[in-house]
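See below for the structure under consideration.
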2 protein chains.
Amino acid sequence: MLTRVSSTPTFKRLPRAIREQQMLDAAVRVFSRRGFHAASMDEIADDAGISKPMVYAYLGTKEELFVACLHRETARMMEAIAGAAAPDLPADQRLWRGLRAFFGFVGAHRDGWKVLYRQARGSQPFAAELAAMRARLVGVVAGMLDHALRAEGREVAETELEVVAYALVGASESLGDWLADHPDAEPEKTATRMMNVAWLGAGQLLGGVTWRPPAN
Amino acid sequence: MLTRVSSTPTFKRLPRAIREQQMLDAAVRVFSRRGFHAASMDEIADDAGISKPMVYAYLGTKEELFVACLHRETARMMEAIAGAAAPDLPADQRLWRGLRAFFGFVGAHRDGWKVLYRQARGSQPFAAELAAMRARLVGVVAGMLDHALRAEGREVAETELEVVAYALVGASESLGDWLADHPDAEPEKTATRMMNVAWLGAGQLLGGVTWRPPAN
DNA sequence: GCGTAACCTTACGTGCGAGTAGGTATGCTG
DNA sequence: CAGCATACCTACTCGCACGTAAGGTTACGC
């Protein structure tokens with residue numbers, strides 16, 4: 001009814017690119033603290049300091065918005081990891097740097113990580129997106145293990161490698177989750193612990209040592 | 001308007017205890033394939049071959065229903081694991097039996113596992129429930145490691161143990177997830193693979209071998 | 001200085017699904 | 001066979017939050 005007495009515009013007009021980033025920032029914050037379902041577009045708009053129709057105009061529906069968040073965060077993360085692990089280093093060095101980058105990223109973007117890891121798993125539409133990223137990670141790790149194996153003249157079935165890689169990635173994700181919930185924990189230390197478990201375990205495997213189930 | 005010509009009752013009347021189980025079965029199925037949000041009470045009722053008000057009468061609101069599913073499935077799982085690992089066996093035997101029981105459970109209740117692991121993580125109300133179960137598991141594993149350590153006269157800070165245990169549990173959960181998505185995979189084999197990574201890694205750690213980050 | 005395009009708003013339509021009111025049938029107990 | 005408790009149903013209300021229509025305002029090009 002009353003069309004706001006245009007006293008002071010209160011908020012500045014900004015170019016689209018900027019606003020989009022602000023919206024994504026807000027979306028990640030809200031999604032991470034409410035979960036996908038409980039997060040309302042109104043709250044996201046509010047948190048971004050903008051009104052709802054703008055969000056729809058720029059980023060589309062709620063699902064599309066969430067996917068956009070997913071894309072940005074996964075891209076950032078993969079970039080961080082890829083940038084850290086030079087491909088011509090020895091395997092343990094590569095693994096270490098990858099882990100350090102990963103936990104560093106999670107530590108610095110705890111909200112983003114919560115969105116990625118916790119929300120996206122359940123609902124069908126997003127699971128695929130996330131699974132794709134995990135598949136890339138698993139592929140990288142498996143490739144690393146394979147490389148190290150061949151260097152020692154050994155060879156292992158592909159499935160075997162993949163499952164081991166999957167376990168390592170899973171353990172890292174899980175510790176990442178732990179890290180996201182413990183604001184005081186140090187990413188570097190967490191990475192070291194993970195490296196201990198991963199490398200000593202994998203190292204043994206690479207060395208040809210295996211554990212066999214007992215008869216019983 | 002038309003109050004169903006009572007030709008044949010079509011479906012039998014059953015005592016409450018039975019119906020409750022049927023409803024929980026249906027709920028687990030539907031939650032696992034749709035996710036918590038997308039699952040509708042109508043569909044659950046339908047799947048259970050009963051009408052919606054019965055679900056409300058017996059199990060309460062949607063959230064309460066989900067929590068009931070969580071309770072039942074976690075109880076079953078903990079029971080399966082606890083029943084397998086006799087406390088007086090050597091550490092590797094206990095770990096092996098625990099893992100085998102765990103993957104056996106997941107293989108036999110893939111739907112239940114999906115509900116537990118995927119859906120409950122995100123939304124606030126349920127996360128606590130799930131976290132409690134994981135905490136128990138982590139506690140058990142950490143205790144096992146600690147026991148094995150003391151037997152060898154060594155000792156490690158509690159946090160350290162807990163984080164290692166957390167990583168192992170996380171890796172197992174992750175492989176469990178992988179198993180739930182691969183109907184043809186054998187639980188036993190998956191357990192063996194997990195055991196390889198876990199025990200060789202943990203074994204090294206127990207033996208006093210550790211990996212240290214390089215200077216750089 | 002004026003048009004036009006992009007930015008931004010308030011205020012609403014709408015559908016879906018959680019939860020309920022009120023009534024009917026059926027078996028068990030005496 | 002009365003009576004009562006319990007199993008069970010159809011058919012509704014209603015609120016919430018997604019998504020949008022229609023219009024106001026600022027900046028920038030010419």
Side-chain angles (χ1 to χ4, degrees), chain A residues 1-24 26-27 30-31 33-69 119 123-126, chain B residues 1-24 26-27 30-31 33-69 119 123-126:
Chain A
M1 199 145 285
L2 238 312
T3 58
R4 172 188 268 292
V5 192
S6 85
S7 48
T8 26
T10 325
F11 278 113
K12 260 173 69 175
R13 283 168 89 103
L14 291 173
R16 173 166 188 156
I18 308 275
R19 272 277 131 88
E20 277 184 351
Q21 292 307 312
Q22 293 179 346
M23 288 175 186
L24 286 176
V30 175
F31 280 136
R33 75 163 166 266
R34 302 268 190 231
F36 176 77
H37 171 225
S40 80
M41 293 299 267
D42 288 283
E43 184 177 358
I44 292 171
D46 200 52
D47 192 289
I50 210 78
S51 73
K52 196 167 46 159
M54 289 310 298
V55 181
Y56 281 89
Y58 285 171
L59 278 328
T61 81
K62 191 180 184 182
E63 289 206 353
E64 288 168 344
L65 172 60
F66 189 83
V67 170
C69 291
Q119 309 303 326
S123 337
Q124 258 60 43
F126 317 131
Chain B
M1 199 141 282
L2 236 311
T3 59
R4 172 189 267 293
V5 192
S6 85
S7 49
T8 24
T10 327
F11 278 113
K12 259 172 74 174
R13 282 171 89 109
L14 291 173
R16 175 168 185 156
I18 308 274
R19 272 277 132 88
E20 275 183 352
Q21 292 307 312
Q22 293 179 346
M23 288 175 187
L24 287 175
V30 175
F31 280 136
R33 75 163 166 268
R34 302 268 190 232
F36 175 77
H37 171 225
S40 81
M41 292 299 267
D42 288 282
E43 183 176 358
I44 291 171
D46 201 53
D47 191 288
I50 210 78
S51 74
K52 195 165 48 155
M54 289 310 297
V55 181
Y56 279 90
Y58 286 171
L59 278 327
T61 80
K62 190 180 183 182
E63 289 206 352
E64 288 167 344
L65 173 59
F66 189 83
V67 170
C69 292
Q119 308 303 325
S123 338
Q124 256 59 42
F126 317 130

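Order of the sequence lines sets the chain letters (A, B, ...), proteins ahead of strands, with each chain counted from 1.
For the contact set between residues 53-69 of chain A and DNA chain C, defined by any heavy atom under 4.0 Å, the members are A:Pro53, A:Met54, A:Tyr58.
The separation between A:Ile50 atom CD1 and D:dT25 atom P is 17 Å, rounded to whole Å. Rounded to an integer number of Å, the gap from CG of A:Asp42 to P of D:dT20 is 14 Å. Nucleotide C:dA6 holds its P atom 17 Å from the CD1 atom of A:Ile18, rounded to whole Å. Note: CG (A:Asp46) to P (D:dA17) measures 14 Å, nearest angstrom. For the pair A:Arg34 CZ and D:dC18 P, the computed distance is 12 Å after rounding to whole Å.
Among B:Arg34, B:Lys52, B:Lys62, the one residue that satisfies the salt bridge (charged side-chain N to carboxylate O under 4.0 Å, His left out) test with B:Asp42 is B:Lys52.
Relative orientation of the A:Phe31 and A:Phe36 rings is parallel, given thresholds of 30° and 60° on the angle between their planes.
At a threshold of 4.0 angstrom between heavy atoms, the contacts of A:Ala38 with the nucleic acid are absent. Across all strands shown, B:Ala45 has no heavy atoms under 4.0 Å from either base or sugar-phosphate atoms. Base engagement by B:Ser51 is indicated by at least one non-hydrogen atom pair under 4.0 Å involving a base atom.
Between the side chain of B:Arg13 and the base of C:dA25, at least one donor-acceptor pair of N or O atoms lies under 3.5 Å.
Using a 4.0 Å cut-off, no side-chain N or O of A:Arg19 falls inside it from OP1 or OP2 of C:dA6.
Between B:Lys52 and B:Arg16, the residue whose closest nucleotide on DNA chain D is further toward the 5' end is B:Arg16.
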Apply the test side chain to side chain contact (heavy atoms under 4.5 Å, CB included) to residues B:Leu59 and B:Glu20: give CA-CA distance (whole Å), side-chain angles for both, the deciding distance (0.1 Å), then the verdict.
CA-CA 7 Å; B:Leu59 278 327; B:Glu20 275 183 352; 4.2 Å; yes

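For A:Gln22, the side-chain hydrogen bond (donor to acceptor under 3.5 Å, both in side chains) test picks out A:Arg19, with sequence neighbours left out. B:Glu63 pairs by the side-chain hydrogen bond (donor to acceptor under 3.5 Å, both in side chains) definition with nothing, not counting sequence neighbours.
To the nearest 0.5 Å, the span separating CE on A:Met54 from CZ on A:Arg16 amounts to 8.0 Å.
With hydrogens and angles ignored, the 3.5 Å screen pairs no side-chain donor or acceptor of A:Glu43 with any backbone N or O of A:Ser40.
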